[in-house]
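Written below as structure tokens is the structure these notes are about.
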Amino acid sequence: MRPEDMRNPSMLTGDVEVVVRELAVLNEAKTPPYVLEDGVEASDVLRLKYRYLDLRRPSLQRNIILRHKAAGSVRRYLDSHGFIDVETPVLTKSTPEGARDYLVPSRVFPGKCYALPQSPQLFKQLLMVSGFDRYYQIVKCFRDEDLRADRQPEFTQIDIEMSFVEMDDILNITETMIVNLFRETIGVNLPVPFRRMTYEEAMEDYGTDRPDTRFGMKLKDISDIVAGSDFRVFASTLAEGGVVKAFAVKAPHGFSRKDLDSFSDVVADFGAKGVLWARLEGDGWKSSLSKFLQASRFDAMGQRLDMKPGDIALIIAAPKNTANASLSALRLHVAGRLGLIDPNAFSALWVTDFPLLEWSEEDKRLVSVHHPFTAPMPDDLPLLPSDPGKVRSQAYDMVINGSEVGGGSIRIHTPEIQKQVFEAIGLGEEEARIKFGFLLDALQYGAPPHGGIAFGLDRLTMILTHAASIRDVIAFPKTQKAYCVMTDAPSEVSPAQLAELGLKYGKEG
RNA sequence: GGGGGCGUAGUUAAGAUCGGUUAUAACGCCGGCCUGUCACGCCGGAGGUCGCGAGUUCAAGUCUCGUCGCUCCCGCCA
């Protein structure tokens, strides 16, 4: 035992005295390229190059272990509820609609390619036709799109599908799965049932389909209040079918004129031209709009936004989508600045009733909001030929802390409706047959009503560990350009390998 | 495809507004000293393509342009 006066309570091992009987060096170690301690930051390139060392950091160890526990919790839950883990192909067929595919050229079929799956979507539906009425898989998915802090080119889904179910069945069973997950991994009991919100409500109140409900500042439409005013920005916006929306920030916020001006920069990325403001003071309104708006209109706005003296309203006039996107971003920005988000709070909810289709300006046609196998709401089906944009789908997302952690839908299970939807997105019968013939065939053999959902294991783990980057919950992640610093992938291959595949790259690469 | 931030010893940072002698510090590394250390201490030392390339200038880490890498965001991600 170490002498009493030499205990060091500030160290984890400060009470321990080691008595050496024998000492052997098992392997010598070089000096690490950087300090491997939490709190000591190194550049991302360096960390990724020596990922095997970086993973020694206590925080990363903790994240990776927690991820393992999360996957285990999900497996135990699904196993005990009769779900069967079935593997699906990784070398599969490229599908139109959706993300860019990662392609794998075939040696045996020169000029043809496999694609890595964006998700096992079609296979899990086919498993329902096969009679495996409860399927799950924790599986890699691949999407060749530009990355973000919560997106990697390969990521892991908790993929689930069930037969003879309706939306509520899937929501209920997976909600319990997530509640279990939080309890078993971090000891947090999420309040149940999760709040449910329609897509329309989410857009109206939060300007986004993945609202962060850990704080207030809901959006309000004040178009009717400012309609008919002299202010040209409002008049022209409303005349062109746009909206004027706002949210109120409670005092004390301490916003200076400079702060208020800076908000226009925040929303610029989302297309809004600027942010207007109006502060309620003891004796009236102070505002960038005072010259243009009568006091009665200010009062009506204050009432709608439930404002007290000192509170300030932030206002945007723009086309509806622009106003929503801008206010949603501004709301998050303001909440972050004012510290309104409790880092230890978790707010989980369901968003339902997504639209089935939306207009794509790029493709000049309607495209699926979720995917083309999503079932329309039966009540809305008659609208499909006449007013397809109005048709709601049986799709749903789970949102936690403003992050979309899962999404799914009840699927189309009859060939007739599937054909109608393909038609609506401009997928001709012949083309549909070439691309999805196997699905259309399968639906003709008594496919049961079915539906499912997929959760992002990476994002769930981020939330559980409070990780700021998806790279902190993946053992061997890639950079924002999908490059692996450690292995140097992607890399050049030999001319012989290319020749075998019948490939030849041009000079540009 | 577009916008923002960052890039200086092995590492993390300062120096950049205002161009000017030999680019500074901490940690790490190397050598020496120290018979109770635990963020040991003391003495000494090595270590730099200031991401890269042009340009302006008598002179560039510093100014200009381009480019590469990392990162955050928009578009994109059924």
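Chain naming here is simple, since letters A, B, ... match the order of the sequence lines and numbering starts at 1 in each.
Within the 4.0 angstrom heavy-atom criterion, only backbone atoms of the sugar-phosphate kind lie near Asp44(A); the bases stay farther away. Using a 4.0 Å heavy-atom cutoff across all strands shown, Val45(A) reaches sugar-phosphate atoms only and no base atom. Nucleic acid contact for Val485(A): none, since no nucleic acid atom lies under 4.0 Å from a heavy atom of the residue. At the heavy-atom level, Phe270(A) lies under 4.0 Å from the strands shown only through sugar-phosphate atoms. Among the protein residues, Gln118(A) comes within range of no part of the nucleic acid, since none of its heavy atoms lies under 4.0 Å from any strand. At a threshold of 4.0 angstrom between heavy atoms, the contacts of Arg471(A) are confined to the sugar-phosphate backbone, with no base atom among them.
Nearest-nucleotide mapping onto RNA chain B: of Arg210(A) and Thr479(A), the residue sitting toward the 5' end is Thr479(A). Looking at which nucleotide of RNA chain B each of His371(A) and Ala468(A) is closest to, the 5′-most match is held by Ala468(A).
At U71(B), none of the side-chain N or O atoms of Arg148(A) fall inside 4.0 Å of OP1 or OP2 (strictly under the cut-off). At C72(B), one or more side-chain N or O atoms of Gln480(A) fall inside 4.0 Å of OP1 or OP2 (strictly under the cut-off). Under 4.0 angstrom from either OP1 or OP2 of C77(B) there lies no side-chain N or O belonging to Arg459(A).
You'll find the ring centres of Phe155(A) and Phe142(A) outside the 6.0 Å limit. Here Phe373(A) and His450(A) keep their ring centres 6.0 angstrom or further from each other. A distance below 6.0 Å separates the ring centres of Phe255(A) and Phe263(A).
Using a 3.5 Å distance cut-off with no hydrogens or angles, the side chains of Asp458(A) and Gln152(A) do not pair a donor with an acceptor. Gln137(A) and Tyr135(A) share a donor-acceptor pair across their side chains, judged by distance under 3.5 Å alone.
The neighbour count for Tyr114(A) OH, taken as heavy atoms of other residues, nucleotides or ligands under 6.0 Å away, does not exceed 12.
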**OP:** Could you encode protein contacts along nucleotides 10-16 of chain B as a string, one character per nucleotide from 5' to 3', using B for base contact, S for sugar-phosphate-only contact and - for no contact, with a heavy-atom cut-off of under 4.0 Å?
**Re:** SSS----

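For Asp269(A) and G4(B), a side-chain-to-base donor-acceptor distance below 3.5 Å is absent, hydrogens and geometry of angles not being considered. Applying the 3.5 Å distance criterion, the base of C77(B) shares a donor-acceptor pair with the side chain of Arg151(A).
The listed nucleotides are G69(B), C76(B), C73(B); the one nearest the side chain of Lys481(A) is G69(B). Of the listed nucleotides (G28(B), C70(B), C77(B)), G28(B) has the atom at the smallest distance from the side chain of Thr31(A).
Across all their heavy atoms, Met217(A) and Val249(A) have their closest contact at SD-CG2, 4.1 Å.
The partner of C70(B), taking Watson-Crick or G-U wobble pairs whose two distances both stay under 3.5 Å, is G5(B).
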